[in-house]
Amino acid sequence: MRLTQYFLPVLRETPAEAQIASHRLMLRAGMIRQAAAGIYSWLPLGYKVLRRLEQIVHEEQQRAGHIPLLMPTLQAADLWRESGRYDDYGAEMLRIKDRHERDMLYGPTNEELITDIFRSAVTSYKDLPLTLYHIQWKFRDEMRPRFGVMRGREFLMKDGYNFDLTVEDALHAYNRHMVSYIRTYERMGLKAIPMRADGGPIGGDHTHEFLVLAPTGESAVFYDRAVTDLTLGDRGIDYADRGQVSDIVATWTAPYARTDERHDPEAFAAIPEERRVEGRGIEVGQIFFFGTKYSEPMRAVVVNEQGERVPVQMGSHGIGVSRLVGALIEANHDDRGIIWPEGVTPFHAGIVNLKQGDHACDAESLSLYAGLRAAGLDPLYDDREERAGAKFATMDLIGLPWRLTVGPRGLASGKVELTSRRTGESEDLSPEAAIARLREIYAGI
RNA sequence: CGGGGCGUGGCGCAGCCUGGUAGCGCGCUGGUUUUGGGUACCAGAGGCCGCGAGUUCGAAUCUCGCCGCCCCGACCA
C-alpha cells in the first residue's frame with residue numbers, strides 16, 4: 001500500500017480521554033475511533049490487525065479439529081428464558097424490543113443459541129464429539145467501559161462450544177482448547193499464561209483464564225516464574241492424541257499461576273522466593289468445562305450406545321479478539337509508539353523515501369515496493385511529501401517491525417537501510433539483499 | 001450504580017469567576033524555503049462555544065433542565 005493512497009489518520013497529539021498506552025496509541029496511530037462509550041469504529045490499520053488475529057484464531061481452531069460457523073448478534077429472549085439466564089444475566093445484557101414488541105437481546109455470549117442448534121440436529125452419540133465455534137461481535141453493557149478496546153461494550157470474541165458423550169471426552173476437549181490457545185497466543189507473539197480462575201456467570205468449576213502479563217492489566221496475578229519459560233514452539237501436535245495433549249496441559253499447569261480470586265498465599269509461599277512473581281495481567285481468554293449445566297435445562301440429549309437418552313457434556317471457550325489488539329500493544333510498545341510482533345503486524349515492512357521527488361530515491365523506493373510484493377510481502381510505502389523526521393515518527397508510531405530507508409546518502413553506494421523497530425539496529429544492504437532478508441524473516445509466519 | 005470532572009474549528013487547550021462582535025498552538029489549503037529524526041516564513045480556510053429553556057438591551061460567560069464523554073470506586077465470560 002502506498003501511504004498517499006491509504007487512509008491513515010494519525011494524530012500528533014494524544015486525545016484527552018485516553019489513559020493507557022494501548023488506547024492512546026490506537027487512537028494516535030489511526031487504528032480506531034470512538035463511536036460511543038465503549039464502542040469503536042475500526043479504521044483501516046486497526047481493522048487489518050483485527051482481521052489478522054481472527055485469521056490466526058481460525059487457523060489454530062481448525063488445526064485442533066474445531067468447526068467454524070456464524071451465529072447472529074441479535075437473539076430472541078425465549079431461549080434465554082429457557083436456560084434461566086434471561087433474568088440472571090442482569091443489566092449487562094442489552095435488551096431490545098422489535099416492532100412487534102418481542103423481547104430480543106444483543107448476545108453477550110452464545111451458549112443458548114449453540115445448544116439450540118445442537119439439540120435440533122444431533123440426537124445420537126455417533127455424531128459426537130463435536131466442537132463448534134464462531135468469531136462474532138458481542139455486546140455487554142458494562143457499567144464503566146474504559147481503556148479503549150480493552151474493556152469495550154461491543155467487542156469481537158471467538159467463542160467455541162464442545163459437545164461430548166462422556167466427562168472424559170469433554171475433559172479432552174478442555175485440554176485440546178488449552179493447548180490450541182497456548183499456540184494461538186504464541187503465534188501472536190504473546191506470553192499468555194493459563195491460570196486457575198473463577199467461573200463467573202458462565203459457571204463451571206473447571207476453568208482457566210489466559211493472562212497476558214502487563215503492568216496495566218486489570219487482574220492481580222501471582223505465579224511461579226518457571227511458567228514464563230515454557231514454550232510450545234513449532235512442535236507438531238496431534239490433537240487427537242489424548243496423552244500428548246494432556247501432558248502439555250500438565251506441564252503448563254504445574255507451576256503455580258493464579259489470579260487474585262483464586263490466590264492461595266500458602267501455596268505461593270512454598271515457591272522458592274526468586275521464582276515468586278506478583279504482577280498484573282490482562283485476561284485474553286478463558287476455557288470452561290461445565291458438564292450438563294446447559295444441556296440439562298435445555299434438553300440437549302443424545303442416545304448412547306445402550307439406547308439411553310443422556311444430556312451431553314459441554315464446555316465453552318473464549319478468546320477476546322478485539323481485546324487482544326489492546327493487549328498486544330500493552331505488551332509491545334515504547335515511548336515512540338507500537339512495536340508489532342511479526343506474526344500480527346498490519347504491514348510487513350515500511351518503506352521510507354527520504355527525498356520524495358528525487359528521481360533516484362523515487363525509483364528505488366518503487367522498485368523495493370514492487371520487489372517486496374513480488375516476494376509475497378505486504379509493504380507500506382510512505383510516499384508523502386514529508387520531511388524525514390515526520391516519516392520516521394509516523395513509522396515508529398504505527399509500529400511496523402521493519403523499516404527500509406531509502407535516501408540519497410545510501411543510494412550513492414547502492415545501499416538501503418534495514419532497521420528493526422524493536423532494537424533500533426540498522427544495517428546497510430543492497431535492495432536485493434534487503435528483500436531477501438525480509439523474506440527470510442517472514443518465512444513460516 | 002456512588003463520588004468527582006469535562007463538553008469552545010480535525011486534535012490539544014485558553015477565555016467563563018467579574019456578560020459587550022471567539023482566541024492560541026498543532027493540523028489543513030496555496031506559496032516560498034528546507035530535505036537522514038515532527039524545518040522556517042508569508043497568505044488563507046475552517047466554529048448554532050453539547051442541546052433546550054430562562055435572566056438580560058446583550059449570554060461561550062449567569063440560572064435551571066437534559067444529553068454526551070472521561071476519571072476513581074464497586075462490578076466484570
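Here is the naming used below: chain letters follow the sequence lines, and residue numbers restart at 1 for every chain.
Regarding contacts with the backbone of U35(B), every side-chain N or O of Arg387(A) stays at 4.0 angstrom or more from both OP1 and OP2. The phosphate of C72(B) has OP1 or OP2 within less than 4.0 Å of a side-chain N or O from Arg144(A). Residue Gln34(A) places none of its side-chain N or O atoms closer than 4.0 Å to OP1 or OP2 of G68(B). OP1 or OP2 of C26(B) has not a single side-chain nitrogen or oxygen of Arg12(A) nearer than 4.0 Å.
For Arg403(A) and G37(B), a side-chain-to-base donor-acceptor distance below 3.5 Å is present, hydrogens and geometry of angles not being considered. With hydrogens and angles left out, the side chain of Glu386(A) and the base of G38(B) share no donor-acceptor pair within 3.5 Å. Between the side chain of Glu13(A) and the base of G25(B), at least one donor-acceptor pair of N or O atoms lies under 3.5 Å.
The same atom, P, is picked in C17(B) and in U63(B); the two are 9 Å apart, to the nearest Å. Rounded to the nearest Å, the gap between the P atom of G30(B) and that of G37(B) is 26 Å. Comparing the same atom, P, in U8(B) and in G3(B) gives a spacing of 25 Å after rounding to whole Å. Nucleotides G12(B) and C69(B) have their P atoms positioned 16 Å apart, rounded to a whole Å. Rounded to whole Å, the separation between the C1' atoms of G2(B) and A60(B) comes to 31 Å. Nucleotides C11(B) and C28(B) place their P atoms 15 Å apart, quoted to the nearest Å. Between the C1' atoms of G4(B) and U21(B), the separation comes to 36 Å (whole Å). For U34(B) and C70(B), the C1' atoms lie 41 Å apart once the distance is rounded to whole Å.
Among the nucleotides G37(B), C70(B), C75(B), the one closest to the side chain of Glu17(A) is C70(B). Among C70(B), C11(B), G37(B), the nucleotide with an atom closest to any side-chain atom of Ala37(A) is C70(B). Each of C75(B), G36(B), G37(B) was ranked by its minimum atom distance to the side chain of Arg146(A); first place goes to C75(B). Out of G37(B), G38(B), G12(B), the shortest distance to the side chain of Ala390(A) is found at G38(B). When distances run from any side-chain atom of Asp396(A) to the nucleotides C69(B), G37(B), G38(B), the shortest one goes to G37(B). Nearest nucleotide to the Pro15(A) side chain, out of C72(B), U35(B), C11(B): C11(B). Across G36(B), C70(B), C75(B), the shortest atom-to-atom separation from the side chain of Gln19(A) is found for C70(B). Checking G36(B), G12(B), A74(B) against every side-chain atom of Arg409(A), the shortest atom distance belongs to G36(B). Picking from G38(B), C69(B), G36(B) the nucleotide with the shortest atom distance to the side chain of Ala393(A) gives G38(B).
In this structure, U29(B) and A43(B) make a Watson-Crick or G-U wobble pair, each of the two defining distances being under 3.5 angstrom. Under the Watson-Crick or G-U wobble criterion, with both distances below 3.5 Å, G68(B) is paired with C6(B). Of the nucleotides present, A53(B) is the one that pairs with U63(B) by Watson-Crick or G-U wobble criteria, both distances under 3.5 Å. Nucleotide G73(B) forms a pair with C1(B), judged by Watson-Crick or G-U wobble geometry with both contacts under 3.5 Å. The partner of A22(B), taking Watson-Crick or G-U wobble pairs whose two distances both stay under 3.5 Å, does not exist in any strand shown. Base pairing analysis places G38(B) opposite nothing; no Watson-Crick or G-U wobble pair with both distances below 3.5 Å involves it.
Whole-Å rounding puts the Arg28(A) CZ to G27(B) P distance at 13 Å. As rounded to whole Å, 17 Å separates atom P of C75(B) from atom OH of Tyr89(A). To the nearest angstrom, C1' of U39(B) lies 15 Å from NZ of Lys355(A). Atom-to-atom, CD1 of Ile20(A) to C1' of C71(B) comes out at 13 Å; the value is rounded to the nearest Å. What separates CG of Leu43(A) from P of G10(B) is a distance of 17 Å, to the nearest Å. The CD atom of Glu385(A) sits 13 Å away from the C1' atom of U34(B) (whole-angstrom rounding). Between Phe147(A) atom CZ and C71(B) atom P there is a gap of 7 Å when expressed in whole angstrom units. Counting to the nearest Å, the C1' atom of C75(B) and the CE atom of Met150(A) are 17 Å from each other.
Using a 4.0 Å heavy-atom criterion, one finds that Ala18(A) contacts no nucleic acid atom at all. Within the nucleic acid shown, Leu11(A) has no heavy atom closer than 4.0 Å to any nucleic acid atom.
With the nearest nucleotide of RNA chain B identified for both Glu209(A) and Thr405(A), Thr405(A) has the one nearer the 5' end. Heavy-atom distances to RNA chain B give each of Gly320(A) and Leu397(A) a nearest nucleotide, and the one nearer the 5′ end belongs to Leu397(A).
Side-chain N/O atoms of Asp383(A) and Asn353(A) include no donor and acceptor closer than 3.5 Å. The closest side-chain donor-acceptor pair between Glu425(A) and Ser420(A), if any, does not fall under 3.5 angstrom. Using modelled atom types, one finds no donor on one side chain facing an acceptor on the other under 3.5 Å when comparing Arg146(A) with His23(A). Counted by atom type alone, His208(A) and Tyr174(A) present one or more donor-acceptor pairs between their side chains at under 3.5 Å.
Centroid-to-centroid, the aromatic rings of Tyr6(A) and Phe347(A) come within less than 6.0 Å.
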For the pair His134(A) and Asp159(A), evaluate side-chain hydrogen bond (donor to acceptor under 3.5 Å, both in side chains) and give the outcome as yes or no after the intermediate values. CA-CA 6 Å; His134(A) 73 340; Asp159(A) 48 318; 2.9 Å; yes
Side-chain donor-acceptor pairs under 3.5 Å in residues 394-402 of chain A, sequence neighbours left out?
unit_1	atom_1	unit_2	atom_2	d
Thr394(A)	OG1	Arg384(A)	NH2	3.2
Thr394(A)	OG1	Ala390(A)	O	3.0
Asp396(A)	OD2	Arg336(A)	NE	3.0
Trp402(A)	NE1	Glu342(A)	OE2	2.8

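Taking the ring axis of Phe222(A) as reference, the NZ or CZ atom of Arg258(A) does not stay both within 45° of it and closer than 6.0 Å to the ring centre.
Here Leu45(A) contributes atom CG and Leu8(A) contributes atom CG; the two are 5.5 Å apart, rounded to the nearest 0.5 Å.
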